[in-house]
Structure formats: structure tokens, C-alpha cells
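Structure, as C-alpha cells:
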2 protein chains.
Amino acid sequence: MTKLPDRNKIVAETIDDLRRIFQAVTDFSRQAERITGLTGSQLWAVKVIAESKSIKVSDLAKRMYLHPTTVVGILDRLEAQELVQRSRSKTDRRVVDVALTASGEKLVATSPDVAQGMLVTGLEKITDDKLVRIHEGMAEFVKILGMEEAPPRLILSNEVNIA
Amino acid sequence: MTKLPDRNKIVAETIDDLRRIFQAVTDFSRQAERITGLTGSQLWAVKVIAESKSIKVSDLAKRMYLHPTTVVGILDRLEAQELVQRSRSKTDRRVVDVALTASGEKLVATSPDVAQGMLVTGLEKITDDKLVRIHEGMAEFVKILGMEEAPPRLILSNEVNIA
DNA sequence: TAACAATAATTGGTGTTACAAATAAATTAG
DNA sequence: CTAATTTATTTGTAACACCAATTATTGTTA
């Protein structure tokens, strides 16, 4: 493989681009918080709950990569705002099923999907070949990171950090 | 511009790739936290302080996009661990200059730079043309997001969310 | 079946982050 | 020289994130 004269420069620029992307996502998510009035974690939980009609607390914690106790607190606050509803399962009375209320569903419908919104607003008016180039570059990047087979989980975490 | 037959599919895949990248970053940063024993915000602050020999609290807050009071708390805990040192400025006795201690410098030297680490581990053994493709795709993406002129700021925030 | 272990959600407690409001001290402006 | 501004801080509130311990239910096995 022929050595590029300025590989290091390209790597540095790529890192800068990655940081810019993170910044853009941060801005979009702050916007989402302002619009919905919910915190990032709360909005994240609502989105995950919306994925299925009903989900048990432990599964919700697993999907959010959070400790169950943390999820309980988030659910307490969401329930106080009447966005979600808890109910004991009939088949197994240990489990608690969490579902969205009518208000919760409405919020999901109107709350902005950050990643989606970023691309929809930005990519809609772009040419095909540019879109393809972006797609190829991203796919290659994911492959580098060894994340091809990782499930593209919904991300709204408070623990996403780049140094 | 000719309409691709499966534009929507490509957009969806690109979003999935973005999520995978976020997940990779999350994993890397957790690793960094485990290694250093610091929280994300603390590590972030240390990195920013390390950028210049000495920085005043208000500037640090601006660079971290945080409220000054939040930074004061973080500095309290870093100072308790003797990683940073506060001193009143001679020229303007209102300002407090924050600098790294010897231990702080050592920590910076050994703590992993997440974005850097991601690419160094992944991109080192990749071919030139793949690297170029990634770079082009990322640059195009940044342009789409309207972030070309945004400073690629160090990111270690607790509020990075994708829905 | 009865004792034991495992699971599910919760409570209580600790530490960190994040901000708003108010304060104290120093500098700058009029 | 007084008034306004700047700088960092304290105080208070809320959310997040986890650990340890608890209650209730289900499963296992002796």
C-alpha cells in the first residue's frame, strides 16, 4: 500500500469532522429538549418505550444501558407528568409493564427525531452522488470501528464523551 | 439530478451508521473513565485546562459550554484530588487561574484521547484509498450539517443525544 | 410439600452534574 | 468618587447514576 504523503493530516481532519458532527448532534438534542420540556434521558426513555407497545422495566433498563434503579427514577418523573403508565403484569406479578399514555404518544409524534431531523433537513436537497459518498464513507468508518454487527441502538445517553 | 431508486434506504443506513459510531464513542469513553477514575466532565475539564498553561474559570466555563457554577464544582473535586491548582491572578485579583498540578499533567499524558484512540486503533492498518473515502464522506457530512466553519471543539459533554 | 434460590421492581442513600439566584470582592465607567 | 460591571463563589434545587438492601413473586430441589 503506497504511503500517502499527508496521512496524518487526513486523520487529523477526519477527527475534527467527527467532533463537528458531535457538536451538531449536541445542538440538535438541546433543541429537542427545549421543545419537549423533557431531559435527554426522559426523552430517550419515551422513545424506547414507543418502540414497542409495552415494555418491562428491566428490559427498558437493558435497552438504555442503565441501572434499573436509574430507570425507576426516570419513570417516576414521567409518570408524574402522565406521559407513561405502569401496570403489573397478569402473567408474572413481579414484572411491571410500562406503556405510553395518550399524552405520551402525542409527544412522541411531535418530538423531533434528532438524527432523522439532521439528515432530513440536510440531505434532502443533496445530489445522489454526494449522498452515496457520505454513505460509503460512514460505512467504511463503521467497519474500521468494528461495529458492523453491533445493533444500531437508539442513543440518547448522558455518557457519550470524546476527549 | 437523477433520482436514486433507493434514496430512503441509503439515508436510513447512514443514520444507522451514525448510531453505530456513537455507540463506539460511548464504549471508548467508558473505557477512558475506567482507566482514569474520573468522570467524563472531569476528564473533559482536565483536557481543556491542559490546552493552555493556565486558564481562568470563566474562560474554562465558556470552552466547556457550561455554567460557571458547574465548573466551580468540578474544580472543587479536581482540586481535592490534587489534579488542578487554583491561584488568584496578580494583575486582576478577581480572576482565579486554574492550572494542572504535576499529577494532573501526568494524567493527561496517560489518559486516552477517545477520538484519537478510535482512529489510531482502527485506521492505522487501513489502505490509503479507504482512508481518503472516509475523509471525503465525513467532510461532506459536516458540510451538510452546516458545520464547516464551526470550531471542532473538544467534546466530552454529558448531553449528546440522538433520538 | 417445604426450604431454598433466583428474579423483578422498588426504596434509601451517596456522589456528580447542571443551573438559578444571591453574594462578596475587585475593576471599570461616568 | 459613586455606580455599574465583571469574576468567582455560596446556597439551594432538581435530575441523573449507581450501590446496597428490601419486598414480593416465581422457580427449583431436596
task = To the nearest 10°, let me know how far the axis at one end of the helix from C/dT1-D/dA30 to C/dG30-D/dC1 is tilted from the axis at the other, five pairs an end.
result = 0°
ask   = Going by number, which of residues 73-87 of chain B have a non-hydrogen atom under 4.0 Å from DNA chain C?
value = B/Ile74, B/Arg77
query = If you measure from CD on A/Gln85 to CD1 on A/Ile49, what distance do you get to the nearest 0.5 Å?
reply = 11.5 Å
message = So, does A/Thr70 get its side chain near the phosphate of D/dC18, meaning an N or O under 4.0 Å from OP1 or OP2?
response = yes
inquiry  = For B/Ser58, give me all partners under side-chain contact (heavy atoms from CB on, under 4.5 Å), at least two apart in sequence or on another chain.
reply    = B/Lys56
task = Rounded off to whole Å, could you give me the CG-to-P distance for the B/Leu38 and C/dT16 pair?
result = 11 Å
task = Measure the spacing between CG of B/Leu75 and CD of B/Gln42 and express it to the nearest 0.5 Å.
result = 10.0 Å
request  = May I ask you to say whether A/Glu140 pairs ionically with A/Lys143, meaning some side-chain N is under 4.0 Å from a carboxylate O?
outcome  = yes
inquiry  = What is the distance, to the nearest angstrom, from the CG atom on B/Leu60 to the C1' atom on D/dT7?
reply    = 14 Å
Integer-rounded Å distance: D/dT7 P and B/Ile55 CD1 = 13 Å
key: Salt bridge B/Lys90-B/Asp97, side-chain N to carboxylate O under 4.0 Å   = no
task = Between C/dT17, D/dT9, D/dC16, spot the one nearest the side chain of B/Val96, thanks.
result = D/dT9
request  = Please determine if a side-chain N or O atom of A/Lys56 lies less than 4.0 Å away from the OP1 or OP2 oxygen of C/dA9.
outcome  = no
Could you go through residues 67-74 of chain B and list every donor-acceptor pair under 3.5 Å that involves a side-chain atom there, pairing it with any protein atom two or more places apart or in another chain?
from    : atom 1 : to      : atom 2 : distance (Å)
B/His67 : ND1    : B/Thr69 : OG1    : 3.0

remark   = In whole angstroms, the gap separating P of D/dT25 from CZ of A/Arg88 amounts to 8 Å
Residues forming a side-chain contact (heavy atoms from CB on, under 4.5 Å) with A/Glu82, sequence neighbours excluded = none
key: A/Leu83 backbone acceptor or donor facing A/Thr101 side chain under 3.5 Å   = yes
task = Check the distance between D/dA17's C1' and B/Gln42's CD and give it to me in whole angstrom.
result = 14 Å
ask   = Would you say the side chain of B/His135 lies within less than 4.5 Å of the side chain of B/Met138, judging by non-hydrogen atoms?
value = no
query = Going by heavy atoms in the side chains, are B/Leu43 and B/Leu107 under 4.5 Å from each other?
reply = yes
query = How long is the span from the CG atom in A/Asp59 to the OG atom in A/Ser52, to the nearest 0.5 Å?
reply = 8.5 Å
message = In this structure, how many angstroms lie between the P atom of C/dT17 and the CG atom of B/Leu43, rounded?
response = 11 Å
key: Sub-4.5 Å side-chain heavy-atom contact between A/Val98 and A/Leu78   = no
query = When all nucleic acid strands are considered with a 4.0 Å heavy-atom cut-off, which category describes A/Ser58: base, sugar-phosphate, or nothing?
reply = sugar-phosphate
task = Please state how far atom CG in A/Asp97 lies from atom P in C/dT10, giving the value in whole angstrom units.
result = 11 Å
Please list, pair by pair, any protein nitrogen or oxygen found under 3.5 Å from a nitrogen or oxygen in nucleotides 21-29 of chain C.
from   : atom 1 : to      : atom 2 : distance (Å)
C/dT27 : OP1    : B/Arg93 : N      : 3.4

message = With a cut-off of less than 4.0 Å, is there a side-chain N or O of A/Ser41 near OP1 or OP2 of D/dA15?
response = no
